[in-house]
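Whatever order the structure lists ligands and atoms in, that order sets their numbers, starting from 1.
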Amino acid sequence: MRRKIIAGNWKMHMLRAAAKELAIQVAPLGSAPKADVVVCPPYTALGVVGDAIASSGVHLGAQDVFWNEKGAYTGQVAPSMLVDAGVRYVIVGHSETRGRFGVPEPGMDDVVLAHFGENDRTVNLKLKAARSVGLVVICCVGETLAERRSGTTDEVVAAQVRGGIADLTAAELEGVVMAYEPVWAIGTGETCESVEADRVCGVIRAEVGVLYGADAADALRVQYGGSVKPNNARDLLSRPNIDGALVGGASLVATDFAAIVEGGS
Ligand code: PGA
């Protein structure tokens, strides 16, 4: 029986005072009996949020990480720096770091989007580096609307899985959670229908099975993410291949996030 994992991705929201307030409100969710609960504030709020959830059972996550431990990498944050800041989980390969936005801002042309240059190779480097210091990695995959319409969803997602977790040891894979996040459903209010979300989470599990065997596939936790809200969480989380949720917008409202956690319990 896989334990559910509900993670809140606060993205680029919350100054420290607001982050502390929200963290205090979600701290009681750490006692959820059937789910691990994680919050991923922006780097600048990791300290205050970490203090607010200390010993609550809610885990601290970061939204990205670099793959080298130190060096001349302006603006980057090393895996051990996250550990040093009390972080236990990290998101890698989010579509928004890959430059694949559900709703691109006006003015986000190709030149601007190139800033968000994550790809399967960098996801793999980050994933291995984060695992080497014991961080649990939430590795995101998902197709764009154009890819879904052209019928290549399974192919795209399987290729991202293969690229992201390439050459991991069994121990490294144990600390990996996959997140299926259809790009067209992120921040758009469009949720992937639960049967279809479950099917694609099954595709991810099957691909891991091909690479690492049936036991690894069976143990793997696969989250769904993309407009998860209190009113759809229970349905999504009741599906056999969906082991949790990666929640954006709704994780910024303590009562909504609590209702989603409740839906997974
Ligand atoms: P959303 O974001 O819940 O706001 O759609 C999900 C995510 O990007 O992880």
Side-chain angles (χ1 to χ4, degrees), residues 4-14 18-19 22 26 29 35-43 45 49 59-65 89-105 108 113 116 118 123 126-127 136-145 147-148 156-157 160-161 164 176-194 196-197 200-201 204 221-237 239 242-264:
K4 295 265 192 295
I5 171 168
I6 315 291
N9 175 6
W10 295 2
K11 305 193 179 180
M12 201 177 72
H13 296 284
M14 299 280 157
L22 180 58
V26 301
L29 302 176
D36 294 331
V37 178
V38 184
V39 289
C40 304
Y43 291 130
V49 171
H59 302 291
L60 188 63
Q63 298 174 18
D64 199 2
V65 66
Y89 289 72
V90 64
I91 298 169
V92 302
H94 194 281
S95 60
E96 289 157 8
T97 66
R98 294 177 191 254
R100 291 152 63 89
F101 288 82
V103 189
E105 300 286 327
M108 273 203 181
L113 282 174
F116 305 92
E118 191 85 278
V123 169
K126 290 177 175 185
L127 200 154
V136 177
V137 176
I138 297 174
C139 177
C140 304
V141 297
E143 82 286 1
T144 61
L145 188 58
E147 288 161 348
R148 173 158 285 269
V156 166
V157 166
Q160 289 176 339
V161 171
V176 176
V177 175
M178 297 301 302
Y180 170 51
E181 296 215 305
V183 176
W184 50 271
I186 296 175
T188 59
E190 300 265 345
T191 317
C192 185
E193 206 270 315
S194 62
E196 173 62 6
V200 183
C201 288
I204 293 169
R221 294 193 289 180
V222 185
Q223 295 176 309
Y224 167 77
S227 299
V228 176
K229 307 287 177 203
N231 65 2
N232 58 28
R234 192 171 292 280
D235 177 27
L236 286 159
L237 292 167
R239 302 286 162 183
I242 301 180
D243 306 311
L246 183 52
V247 187
S251 71
L252 299 172
V253 180
T255 48
D256 286 357
F257 191 54
I260 292 167
V261 171
E262 172 65 27

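Between the side chains of T144 and R100, no donor-acceptor pair of N or O atoms lies under 3.5 Å. Using modelled atom types and a 3.5 Å distance limit, the side chains of E181 and H94 yield a donor-acceptor pair. Side-chain polar atoms of D64 and T97 form no donor-acceptor pair below 3.5 angstrom.
Side-chain atoms of E147 and V183, non-hydrogen and from C-beta on, never get closer than 4.5 Å to each other. When side chains are defined from C-beta on, N232 does not count as touching S194, because their heavy atoms never get closer than 4.5 Å. Counting heavy atoms from C-beta outward, I242 and Y180 have side chains that stay 4.5 Å or more apart.
Among the atoms of K229, none of the N or O lies under 3.5 angstrom from an N or O of ligand 1. Considering backbone and side-chain N/O of G226, none are found under 3.5 Å from N/O of ligand 1. Between E96 and ligand 1, not a single N/O pair is under 3.5 Å apart.
Neither the backbone nor the side chain of C140 has a heavy atom within less than 4.0 Å of ligand 1.
Distances below 4.0 Å separate heavy atoms of S227 from the following atoms of ligand 1: 1 (P), 3 (O), 5 (O). In the vicinity of A185, heavy-atom distances shorter than 4.0 Å reach the ligand 1 atoms 5 (O). Applying the 4.0 Å criterion to heavy atoms of G187 picks out, from ligand 1, the atoms 1 (P), 4 (O), 5 (O).
Applying the ring-ring contact (aromatic ring centres under 6.0 Å, His included) test to F116 and every residue at least two apart in sequence or in another chain returns F101.
Looking at G225, G248, A250 and measuring to atom 3 (O) of ligand 1, the nearest heavy atom belongs to G248.
Looking only at heavy atoms of the protein, atom 4 (O) of ligand 1 is closest to G249 N, 2.8 Å. The protein non-hydrogen atom at the shortest distance from atom 7 (C) of ligand 1 is E181 OE2, 3.2 Å.
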